[in-house]
Amino acid sequence: MPHRDDDTADDGVRREYHVIMDLIEDGSSVLDLGCGDGELLWLLVNRKRVRGRGIDISQQAIQRCVMRGLSACQEDMERGLSEYGDESFDYVVLNQSLQQAVRLEEVLKEALRVGRRVIVGIPNFVYYRARLQMLVTGRTPVTPSLPHMWYDTPNLHFLSLSDFLVYCHERHYAIERAVYLDGERTVRSLPNLRAQTGVFLLSAGESPTAI
């Protein structure tokens, strides 16, 4: 599987997107759950030649996807993916959308059924700058990976990277690969403290190694 060792992207594309692209084989089939305006899906289609489809609950987001020439439909991923058979896609992507799901467990379980592998990108709510903000100000932190105020955040589940690893361990989801980022930089030590976000490649299998 291809891998980038450089810490920053030189083409204007977010490092997080490069990490996800590196996890996906050329020409694969991809379902992007919570695809938003389709920026990531567009990159996958045009740079990785994937057969991609996006799902988002926002009509405006789907309209932007269609304007990009993408295959996308307005659906609520929390109502299940019953129209898709087992392993219908090589990859299912949940980038910055899983923590926004009310029925997180059902969404992830369905993603692992529909996809041979699932890529999950999540913010780290115990990033050290967030901890410092809470300690110094006594208020809910706002960081680049958590940019919303407490009253308008779409996030419903406030988890750390270690929380997610334990969650996968308890359910016997295998983490085939994990990449931790602080903005555009790769974090290789103490990720639960030093990383703003984590990107995980999951499959149904043996338990992962915790941080």
Side-chain angles (χ1 to χ4, degrees), residues 1-56 65 68-72 77 87-99 107-108 111-112 114-124 127 144-145 159-162 164-165 167-168 173-192 194-211:
M1 185 174 292
H3 174 61
R4 291 168 57 93
D5 291 322
D6 56 311
D7 285 341
T8 58
D10 57 5
D11 57 359
V13 175
R14 288 165 48 184
R15 174 75 172 124
E16 184 178 10
Y17 287 175
H18 273 297
V19 169
I20 293 172
M21 286 191 287
D22 286 350
L23 294 174
I24 293 176
E25 298 288 347
D26 288 5
S28 301
S29 56
V30 176
L31 178 64
D32 189 356
L33 299 179
C35 62
D37 64 6
E39 181 180 1
L40 173 60
L41 188 58
W42 186 91
L43 288 167
L44 291 170
V45 168
N46 286 275
R47 296 196 180 186
K48 303 292 289 189
R49 300 184 298 280
V50 308
R51 303 181 304 281
R53 182 175 180 81
I55 289 177
D56 201 281
C65 287
R68 291 178 184 265
L70 299 171
S71 172
M77 66 181 182
E87 297 188 350
S88 298
F89 295 88
D90 296 314
Y91 300 89
V92 174
V93 176
L94 284 155
N95 186 46
Q96 304 299 321
S97 55
L98 184 63
Q99 78 278 0
V107 169
L108 186 53
L112 284 162
V114 169
R116 292 183 174 87
R117 290 183 174 86
V118 174
I119 296 173
V120 176
I122 57 171
N124 180 18
Y127 174 58
S145 62
L159 71 163
S160 70
L161 301 178
S162 289
F164 187 70
L165 287 176
Y167 177 89
C168 291
Y173 299 153
I175 295 184
E176 298 185 13
R177 191 166 159 213
V179 180
Y180 306 107
L181 302 172
D182 181 11
E184 295 299 302
R185 295 177 298 177
T186 302
V187 174
R188 295 184 172 86
S189 64
L190 301 175
N192 201 52
R194 299 176 55 237
Q196 293 186 51
T197 58
V199 179
F200 303 89
L201 179 64
L202 307 182
S203 61
E206 297 301 320
S207 302
T209 301
I211 293 177

Is any side-chain heavy atom of [Y] closer than 4.5 Å to one of [X]?
X: T186; Y: R15; answer: yes
X: W42; Y: D37; answer: no
X: R47; Y: H18; answer: yes
X: Q99; Y: P123; answer: yes
X: V93; Y: I24; answer: yes
X: V45; Y: R68; answer: no
X: L23; Y: E176; answer: no
X: R51; Y: D90; answer: yes

Separation of [Y] [atom2] from [X] [atom1] (nearest 0.5 Å):
X: I119; Y: M21; atom1: CD1; atom2: CE; answer: 11.0 Å
X: L161; Y: Q196; atom1: CG; atom2: CD; answer: 11.0 Å
X: D32; Y: L44; atom1: CG; atom2: CG; answer: 7.5 Å
X: L40; Y: Q96; atom1: CG; atom2: CD; answer: 11.0 Å
X: C35; Y: L33; atom1: SG; atom2: CG; answer: 8.5 Å
X: L201; Y: I20; atom1: CG; atom2: CD1; answer: 11.0 Å

Do side-chain atoms of [X] reach the backbone of [Y] as a donor and acceptor pair under 3.5 angstrom?
X: T197; Y: G121; value: no
X: R194; Y: Y180; value: no
X: N124; Y: A195; value: yes

**OP:** Quickly, which of I175, L108, V199 forms a side-chain contact (heavy atoms from CB on, under 4.5 Å) with V120? Name it, please.
**Re:**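 Single side-chain contact (heavy atoms from CB on, under 4.5 Å) partner of V120 among I175, L108, V199: L108.
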Original post:
Name the one of S162, C168, S160 that satisfies side-chain contact (heavy atoms from CB on, under 4.5 Å) with F164?
Top reply: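 The side-chain contact (heavy atoms from CB on, under 4.5 Å) with F164 is passed solely by C168 among S162, C168, S160.
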Determine the minimum heavy-atom distance between [X] and [Y], stating which atoms define it.
X: R53; Y: L41; result: C-CD2, 3.8 Å
X: C65; Y: A72; result: CB-CB, 3.7 Å
X: S203; Y: R117; result: CB-CG, 4.4 Å
X: S88; Y: S29; result: O-OG, 4.0 Å
X: L94; Y: A111; result: CD1-CB, 3.9 Å

